[in-house]
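Down below is the structure, laid out as structure tokens.
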There are 2 protein chains.
Amino acid sequence: MPNTEPPSLVKSVAHALDILDVVARAGDSGVTLAELAPRVGMAKSSASASARTLAHYGFLHIEMPGPRFKLGFALLRYGDQVTRQTSLGQVALPILHELAESTGLTARLALNDDGYPVFVERVDGHGSVRFHATLGQRESPHATGAGKVILAYSPTPLVRRVIGEHGLPRYTDSTITEPDALMDELERVRLVGFGVDNEEESDGVVCVGAPVFDHLGTCLGALSLTGLKADLASDGVGPYGAAVMEAAQRITRTVQGGRR
Amino acid sequence: MPNTEPPSLVKSVAHALDILDVVARAGDSGVTLAELAPRVGMAKSSASASARTLAHYGFLHIEMPGPRFKLGFALLRYGDQVTRQTSLGQVALPILHELAESTGLTARLALNDDGYPVFVERVDGHGSVRFHATLGQRESPHATGAGKVILAYSPTPLVRRVIGEHGLPRYTDSTITEPDALMDELERVRLVGFGVDNEEESDGVVCVGAPVFDHLGTCLGALSLTGLKADLASDGVGPYGAAVMEAAQRITRTVQGGRR
DNA sequence: TTCAGTGTTCGGCATCAACGAACATGTTAA
DNA sequence: TTAACATGTTCGTTGATGCCGAACACTGAA
């Protein structure tokens, strides 16, 4: 990464957010102040003050005794609002439920984050396994159904930029790692109207995605269905592709038609 | 509220978190810098620097053109981790799915946040309505199934403190507003093993909750089932009470037995 | 009890967060 | 097209304050 730019950040705010990150990485057990301070490069006293402020707002939870810092409920509250505030998420939720129920697969909604897919909503199906799909972080643009769909309906310069900065890392034998091959694949997506991930990100896992547009034709995000290849009927992903497309089109119509 | 204490907060961090709060309240449409700055009591330039820092970490999303600030995906990511990092949330999720599926009601897991119930996980049932239960914020301790359960298994001084600071606000005709009546109700909860909210928080909505304990017998939180009274069979909430209790006990056993 | 580990308090210094006017931008109105 | 207005950004200046580090208090274990 060629060091994007130094937009003169506010140091103490950056420190506080670094603290959050360290605590998040620590996991369930939390961190003590002594191991936190050096990891963010501050004196104990300074880190204590910042952490205390975060805790006062509910972003951290201080667990007694032997104070251990964990993530606080405020993050959950705000995170929930992110989903809720997206007009897309609102209209998509019931449709995700329908999809999950009728297909038995895991249905998800990804938003277009500057060319990358970010899952913001998930409804598990009744299937055997449960995918620990993390919400809120950028997923592979080239190896997921949702990612391919978003790229397919993005302007070419953006596609090139995403490929340039993210690369095309190989996850499985089927992962597309050649830019030209990916461009062909995107063309195919535009042709059939939905994207397929055939064990390209994870062995044994397949996924289909379909695009959602706003009134200007910009791709807002993608709906996707994920399942185990072993669970698929012999006729492949075709029926599921049709189902996500139909559902995504319904969302598109609602978004375009409904005010606000 | 008698102004708890001024624990000497870090001003710039507090400002940044205030900004997040303002943006969150703004909703889907976001806020512009001009309306944000006065609302947090800062100069435009200062607010801009803070907001920019938040955006750099993904806590805010700057939407062009006419820069509008919205909540960023990082909040979603961290919020998701809060759920995931709770060992409870991990083991509870599949059980919530079971409950929602077998009863058709909305199943939720609340954690004990110093005597208050905070919902951290939710699985909707197939029922007619969908409850917009917000995650991550303190709910009524005296008017929800989960809240009553948590209070019922908390030490009396804590119960008194919660009643003192939260009061017993009336939401419906059935809300318990007298401390003595609430204490009797808690006794009843301990007797039958689960708590009932019979249209006490919202007309037409009923709810049952059952406790989850750790290995020391501390109440970690509560499982709850919520549905419309109109949808209930003639035999009332009894069967559901038995179901949540059984599920909660299974979680308790897993938590107590499992290492980590 | 002693000891090692923790988190907290305290003063002092230099940083830098906050300000506000001047600038650049792009949107609206005439 | 022009003009007026609104927005967000830039830029020194200055005083507040975030940061440090050593000394203190506390806890739990040996």
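Proteins come first, then strands; the chains are lettered A, B, ... in the order of their sequence lines, and each starts at number 1.
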TODO: Round to a whole Å and report the spacing from CG of A:Asp18 to P of D:dG18.
DONE: 17 Å
TODO: Could you state the atom-to-atom distance from CZ of A:Arg68 to P of C:dG5 in whole Å?
DONE: 16 Å
Task: Letter per nucleotide, 5' to 3', of nucleotides 8-18 of chain C [B base touched, S only sugar-phosphate touched, - untouched; heavy atoms, 4.0 Å] - done: SB------SSS
Open item on the list: Measuring centre to centre across the rings, with the benzene-like ring taken for any Trp, is B:Phe59 within less than 6.0 Å of A:Tyr78?
Closed with: no
Task: Atom-pair distance (CD1 on B:Ile62; P on D:dT7), nearest Å - done: 17 Å
Open item on the list: Please check this pair: side chain of A:Thr252 against backbone of A:Ala248, looking for a donor-acceptor N/O pair closer than 3.5 Å.
Closed with: yes
- [ ] For the pair A:Phe73 and A:His61, name the ring-plane relationship: parallel under 30°, tilted 30 to 60°, perpendicular over 60°.
- [x] tilted
Task: Single hit among B:Val31, B:Ile19, B:Leu20 for side chain to side chain contact (heavy atoms under 4.5 Å, CB included) with B:Phe69 - done: B:Val31
Open item on the list: Keeping B:Arg108 on the side-chain end and B:Ser224 on the backbone end, is there a donor-acceptor pair under 3.5 Å?
Closed with: no
